[in-house]
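Quick note on labels: first sequence line is chain A, next is B, and so on, each numbered from 1. Every value quoted in this text rests on a predicted model; they were computed, and no experiment measured them.
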There are 2 protein chains.
Amino acid sequence: MSTGRSRAPRNTLSAELIVDRALALLDARPMESFSMRVLAEDLGVGTMALYTYFRGKEELFRAARERVLADYVPPSGEGPWHEQLREACLAAYHVFTGRPAVLRLLAEASSGDDFADIAMVTMERQLALLRAAGLSRDEAVLANGALLRYTLGSALREVKACTSEDFHATAIRKRLAALSPESHPTLTDLGPEMVRFAQDGEAQFRFGLDLVITGLREKVAAAG
Amino acid sequence: MSTGRSRAPRNTLSAELIVDRALALLDARPMESFSMRVLAEDLGVGTMALYTYFRGKEELFRAARERVLADYVPPSGEGPWHEQLREACLAAYHVFTGRPAVLRLLAEASSGDDFADIAMVTMERQLALLRAAGLSRDEAVLANGALLRYTLGSALREVKACTSEDFHATAIRKRLAALSPESHPTLTDLGPEMVRFAQDGEAQFRFGLDLVITGLREKVAAAG
DNA sequence: ACCTGAACACCGTTCAAGT
DNA sequence: ACCTGAACACCGTTCAAGT
């Protein structure tokens, strides 16, 4: 781009390199500022060069998702089933949440069979733990679904907060200030706590996760 | 469009009518097929006519979200707090899930202060119930966050499934068939149940909701 | 005030080349 | 095989008009 070299040398590009730069851009800037043209310019290459390695934007995103999850293995520790389940969910949350690019790619994933590989390996582990704990076939599947929904929902909420550090907190503060204490007495009363926890998504996640797991332990205790 | 009238009469348009048609289009067709130009053509009007009523696409979407949630009031029934909480969450789930357009608009909402009005009225109600049940200030806020995350996460999962009736189920069947029983024994074993519940999002939602609420009742019992 | 077409600055992607 | 620019069919939105 700065050099203005008219033609890039023969093997400047590779699928790996393209995904690398795509992830870097998605880490740094919001989804809507990403485009094939921008990515190509960033790589110092014509736009159409990308199409030698990927059929299109969607396939590139798919590859990016796979790359970012490739090194993930759910922890298979010791201890009681509910502890292991907790660790597995926390690990999944950290994968989704650890990198802005993942969150943005996650929000984009529409087909549902994206993030499938990690989903499969995590689901296998969760289902095995749930079955071993004594849940029925139906219960195990439903519990797995609940954990997935909660974990994904929690991660997705972070997409909004990740624009800036405390932008989210001040937005909430503002919104609370606009409420009248008459119509929303409890909410305005709990304002300080709302603002505080808005800045700690993981604490929020852990609390709800413990709730779900407590519910599961109850179910196991009732059945056993 | 079919008439080819060169200029639309003076007051064919209104903010209400525009939002109406926008919602109709979003109910019928996926998000990516929606555009200001398509909407204008559907209304039999020049594209720029829309900009007399809305500053832009984002503001139109905001109005559509508000419209669709305007008639919603969380149920304020009788009975124990955990029953009322359950009903409130189910009602929110039904609002999000009852209409394809809502789901698509929900998935699009990035700023986070969208869906805020319904969020505020629902949050006030939930927080009041949680406090009355005996939870601490911190616990009430965290519990409210957990319920929100789970409900939104569950609704968002339906966006994918709502493309077609059983498209989702066959996609899962296919994916399961591709797995080797050696690497994913539990998952392949539970295949039939996975497929069955994939077609019943609400059953999934109810199961997890009960888990969370059971967890909350435990917490209340422990504190009381 | 309300609606218009033309134009601007973007997209993703196809196509027919160049090397 | 790998990379290219030009072109096509789209976007959202600005602008300077028309009525």
> When you measure from the side chain of B:Leu13, which nucleotide among C:dG12, D:dC3, C:dC3 comes out closest?
C:dC3
> Taking only Watson-Crick and G-U wobble pairs with both distances under 3.5 Å, what dot-bracket line describes DNA chain C, where [ ] shows pairs that cross earlier ones and | shows pairs with another strand?
||.|||||...|||||.||
> With a 4.0 Å cut-off on heavy atoms, is A:Met48 in touch with a base, just the backbone sugar-phosphate, or nothing at all?
base
> What contact category does B:Tyr53 fall into here, base, sugar-phosphate, or nothing, at under 4.0 angstrom with non-hydrogen atoms?
sugar-phosphate
> Would you call the rings of A:Phe61 and A:Phe34 parallel, tilted or perpendicular, taking 30° and 60° as the class edges?
tilted
> What is the nucleic acid contact for B:Ser35, judged by heavy atoms within less than 4.0 Å: base, sugar-phosphate only, or nothing?
sugar-phosphate
> Give the nucleotide from the list C:dG18, C:dG12, D:dC2 with an atom nearest to the side chain of A:Arg7.
C:dG18
> Which of these nucleotides, C:dC3, C:dG12, D:dG12, is closest to any side-chain atom of A:Tyr51?
C:dG12
> Within a strict 4.5 Å, meaning less than it, do heavy atoms of the B:Arg206 and B:Arg86 side chains meet?
yes
> What's the CE-P distance between B:Met36 and C:dT4, to the nearest Å?
14 Å
> What is the distance, rounded to the nearest whole Å, between atom CG of B:Leu50 and atom P of D:dG12?
10 Å
> Send over the distance from B:Lys57 NZ to C:dC11 C1', rounded to a whole Å.
12 Å
> To the nearest Å, give me how far apart CD (A:Glu41) and C1' (C:dG12) are.
16 Å
> Do B:Leu147 and B:Leu85 come close enough that some side-chain heavy atom pair is under 4.5 Å?
yes
> How long is the line joining CG of A:Leu39 and P of C:dC10, in whole Å?
17 Å
> Using whole Å, what does the distance between atom C1' of nucleotide D:dA9 and atom CD of B:Glu32 come to?
17 Å
> Answer with yes or no whether the side chains of A:Glu124 and B:Thr186 bring together a donor and an acceptor at under 3.5 Å.
yes
> Ignoring hydrogens and angles, does a donor from either the side chain of A:Arg10 or the base of C:dT19 sit under 3.5 Å from an acceptor on the other?
yes
> Just how far, in rounded Å, is P of D:dC10 from CZ of A:Arg37?
15 Å
> Could you tell me the separation between the CD atom of A:Gln126 and the OG1 atom of A:Thr151, rounded to the nearest 0.5 Å?
7.0 Å
> Which whole-number value in Å describes the distance from A:Phe61 CZ to C:dG12 C1'?
11 Å
> Check this one for me: any side-chain N or O of A:Thr47 less than 4.0 Å away from OP1 or OP2 of C:dT13?
no
> Using only heavy-atom distances, determine whether the side chains of B:Gln204 and B:Arg157 contain a donor-acceptor pair under 3.5 Å.
no
> Begin from the C-alpha positions of B:Arg29 and B:Val38 and carry the test side-chain contact (heavy atoms from CB on, under 4.5 Å) through to its verdict.
CA-CA 11 Å; B:Arg29 267 167 278 287; B:Val38 166; over 6 Å; no
> Kindly point out which of D:dC11, C:dC11, D:dC3 is positioned nearest to the side chain of A:Ala8?
D:dC3
